[in-house]
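First the structure, in the form of structure tokens, and then the observations on it.
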Amino acid sequence: MTGRILPSKLFAAAALASFTLAASPAAAQQCGGDFRQFLAGVKQEAVSKGLSAKAADQTLSGAQIDRKVLSRDRAQGVFKMTFLDFSKRVISGYRMKNGAANMKKYASVFDRTEREYGVPAPVITAFWALETDFGAVQGDFNTVNALATLAHDCRRPELFRPQLIAAIEMVQHGDLDPRRTTGAWAGEIGMVQMLPEDIIKFGKDGDGDGHVRLKKSAPDAILTAGAFINHLGWTAGQPWLQEVIVPKNLNWAETGLGKTKSGSDWAALGVKSRWGQISGNLPASLLLPQGRKGPAFLAYPNYNIYLEWNQSFIYTTSAAYFATRLAGAPRYNAGNPDQGLNDAQMKQLQTKLRNMGYDVGKIDGILGSGTRGAVQAVQQKLGMQADAWPTPALLNKL
């Protein structure tokens with residue numbers, strides 16, 4: 001979350017926790033009330049799970065509510081940039097240059113990571129760059145205070161209370177200093193911004209010092225990221241995203257996430273690769289982030305792992321494209337997309353779509369999956385090019 005414009009992979013976990021909490025009244029009893037009593041309950045739970053009372057005291061004795069964390073949590077910036085704008089902003093010459101340098105510097109660690117977990121260097125390096133600028137911007141919130149604040153708050157205790165327990169375990173291992181360790185406002189730590197539970201489960205000692213320290217050790221961060229991405233379901237040796245050239249007479253209603261054809265079938269329809277060969281046997285979705293006149297990509301099954309890391313379509317597509325660039329792909333052909341909608345127009349469109357019976361989620365001005373799907377359905381109904389890219393022309397027709 002640090003150094004970035006939108007919530008991280010925490011987004012998915014937080015959403016899940018919110019639904020779980022709504023169905024679990026008991027969870028609400030583990031949050032709120034007197035803060036010191038709440039911390040005493042956390043200590044009791046930690047000890048019951050086999051952690052030492054000393055580690056719990058060391059972690060929790062100085063914990064405080066951080067009002068800035070609550071402010072950030074309640075005012076998370078919504079992500080409304082287009083793919084072209086966002087990708088140009090985050091994939092800079094600096095990041096390309098430093099990404100290549102880091103892949104060379106830590107080549108042996110990346111080789112080990114790919115051997116053990118199947119995840120290639122460009123994939124990890126792109127996340128490393130987007131999350132923290134290769135460790136330069138990791139966040140300055142005290143991690144224990146952030147986790148204690150969010151666990152005590154009753155919005156998502158089922159997500160953050162276990163993270164606070166995991167932080168105690170990290171303290172017991174000597175991998176977290178409760179007074180000095182800082183990170184993102186939501187408790188994510190280190191160069192690849194991971195939550196304590198994930199560090200406990202997937203943390204790897206890449207430099208052989210007996211500890212997993214993702215803040216300072218690039219080898220630890222690289223190997224841990226590889227283990228985590230592997231856990232999410234990455235398939236070794238397969239592509240993730242590939243820029244393509246699309247014919248003008250394609251049936252655009254068949255494009256978008258969740259609609260797949262084999263690579264061979266897309267090729268038979270006239271889709272051509274701009275770099276590398278189309279993987280004929282793999283299922284793939286044809287992604288048009290800004291409609292049929294903008295960049296086009298085939299997204300293979302490994303692309304779905306990016307959505308596990310972060311549910312934002314724009315972030316994941318940018319991260320996946322960045323990884324292809326680090327692997328040698330040329331810059332995308334930006335094309336000449338039709339004009340999109342501004343914030344007010346997008347909210348107006350979402351309201352109209354909802355009134356027509358489409359599930360677009362919140363009226364928030366964000367072109368999320370629900371809105372994209374509704375736009376595509378309405379475009380098809382109106383006899384328009386159904387490429388899921390909302391334009392003033394579509395808004396006017398409605």
Side-chain angles (χ1 to χ4, degrees), residues 1-6 8-9 79 81-115 117-140 183-184 188-194 206-207 213-226 228-229 234 239-244 273-276 289-290 294-295 297 302-303 305-306 309-310 312 314-335:
M1 279 182 278
T2 53
R4 121 158 91 101
I5 306 170
L6 68 164
S8 72
K9 54 190 174 295
F79 186 71
M81 295 179 74
T82 66
F83 168 74
L84 288 176
D85 288 342
F86 181 70
S87 60
K88 288 175 183 176
R89 177 170 175 173
V90 299
I91 305 173
S92 61
Y94 161 84
R95 284 178 168 168
M96 287 293 299
K97 180 180 178 181
N98 280 273
N102 276 303
M103 287 194 295
K104 183 178 180 180
K105 180 178 180 180
Y106 298 105
S108 62
V109 182
F110 280 118
D111 288 345
R112 175 187 170 189
T113 303
E114 185 162 12
R115 285 197 309 272
Y117 302 110
V119 185
V123 172
I124 297 170
T125 304
F127 280 128
W128 188 10
L130 295 185
E131 295 287 337
T132 65
D133 262 338
F134 306 107
V137 187
Q138 298 189 32
D140 56 5
E188 292 175 314
I189 304 168
M191 297 186 185
V192 288
Q193 297 285 275
M194 294 182 67
D207 56 19
R213 291 174 175 161
L214 304 186
K215 285 184 67 68
K216 295 184 178 180
S217 172
D220 288 4
I222 292 166
L223 205 61
T224 298
F228 181 67
I229 294 169
W234 188 271
W240 53 94
L241 193 75
Q242 181 176 38
E243 188 187 0
V244 292
S273 172
R274 284 198 74 220
W275 181 70
Q290 286 184 237
F297 302 95
N302 272 341
Y303 173 87
I305 308 310
Y306 285 84
W309 184 287
N310 186 306
S312 164
I314 298 303
Y315 178 91
T316 55
T317 305
S318 297
Y321 162 69
F322 188 9
T324 69
R325 288 290 309 281
L326 290 169
R331 290 185 180 182
Y332 54 55
N333 179 4

* Any side-chain donor paired with an acceptor under 3.5 Å for Thr317 and Tyr303? ->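 Side chains of Thr317 and Tyr303: pair found under 3.5 Å.
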* Asked: By salt bridge (charged side-chain N to carboxylate O under 4.0 Å, His left out), which residues pair with Arg112, not counting sequence neighbours?
  ->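 So Arg112 forms a salt bridge (charged side-chain N to carboxylate O under 4.0 Å, His left out) with Glu116.
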Short side-chain to backbone donor-acceptor contact, [X] and [Y], under 3.5 Å:
X: Gln290; Y: Leu84; answer: yes
X: Arg274; Y: Ala329; answer: no
X: Asp220; Y: Asp207; answer: yes
X: Trp128; Y: Ile222; answer: no

Which heavy-atom pair separates [X] from [Y] by the least distance, and what is that distance?
X: Leu326; Y: Ala100; answer: CD2-N, 4.3 Å
X: Thr113; Y: Gly226; answer: CG2-CA, 3.7 Å
X: Asn302; Y: Pro239; answer: CB-O, 3.4 Å
X: Trp240; Y: Pro120; answer: CZ3-CG, 4.0 Å
X: Ala129; Y: Phe322; answer: CB-CE2, 3.6 Å
X: Phe86; Y: Ser318; answer: CD2-OG, 3.2 Å

Could you state the interatomic distance from [atom1] ([X]) to [atom2] ([Y]), rounded to the nearest 0.5 Å?
X: Thr132; Y: Ile189; atom1: OG1; atom2: CD1; value: 13.0 Å
X: Asn98; Y: Lys105; atom1: CG; atom2: NZ; value: 10.0 Å
X: Tyr321; Y: Arg331; atom1: OH; atom2: CZ; value: 7.5 Å
X: Asp133; Y: Ser92; atom1: CG; atom2: OG; value: 7.0 Å

Flag the pair [X] / [Y] as yes when at least one side-chain heavy-atom distance between them is below 4.5 Å, and no otherwise.
X: Val90; Y: Arg95; answer: yes
X: Ser312; Y: Thr316; answer: no
X: Phe127; Y: Tyr306; answer: yes
X: Thr324; Y: Glu243; answer: no
X: Leu214; Y: Thr224; answer: yes

* To do: Step through it carefully: locate the ring centre of Tyr117, locate the ring centre of Phe228, and say whether they are under 6.0 Å apart.
  =>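 No, ring centres 6.0 Å or more apart.
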* For the ring pair Phe83 and Tyr332, is the centre-to-centre distance below 6.0 Å? ->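 Centroid distance Phe83-Tyr332: below 6.0 Å, so yes.
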* **Gln138: which of Lys215, Glu131, Lys216 passes side chain to side chain contact (heavy atoms under 4.5 Å, CB included)** =>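 Result: among Lys215, Glu131, Lys216, Lys215 is the only option passing the side chain to side chain contact (heavy atoms under 4.5 Å, CB included) with Gln138.
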* To do: Name all residues meeting the side chain to side chain contact (heavy atoms under 4.5 Å, CB included) criterion together with Asp111; count only those two or more places apart in sequence or in a different chain, and write none if there are none.
  =>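 Asp111 satisfies side chain to side chain contact (heavy atoms under 4.5 Å, CB included) with Arg115 only.
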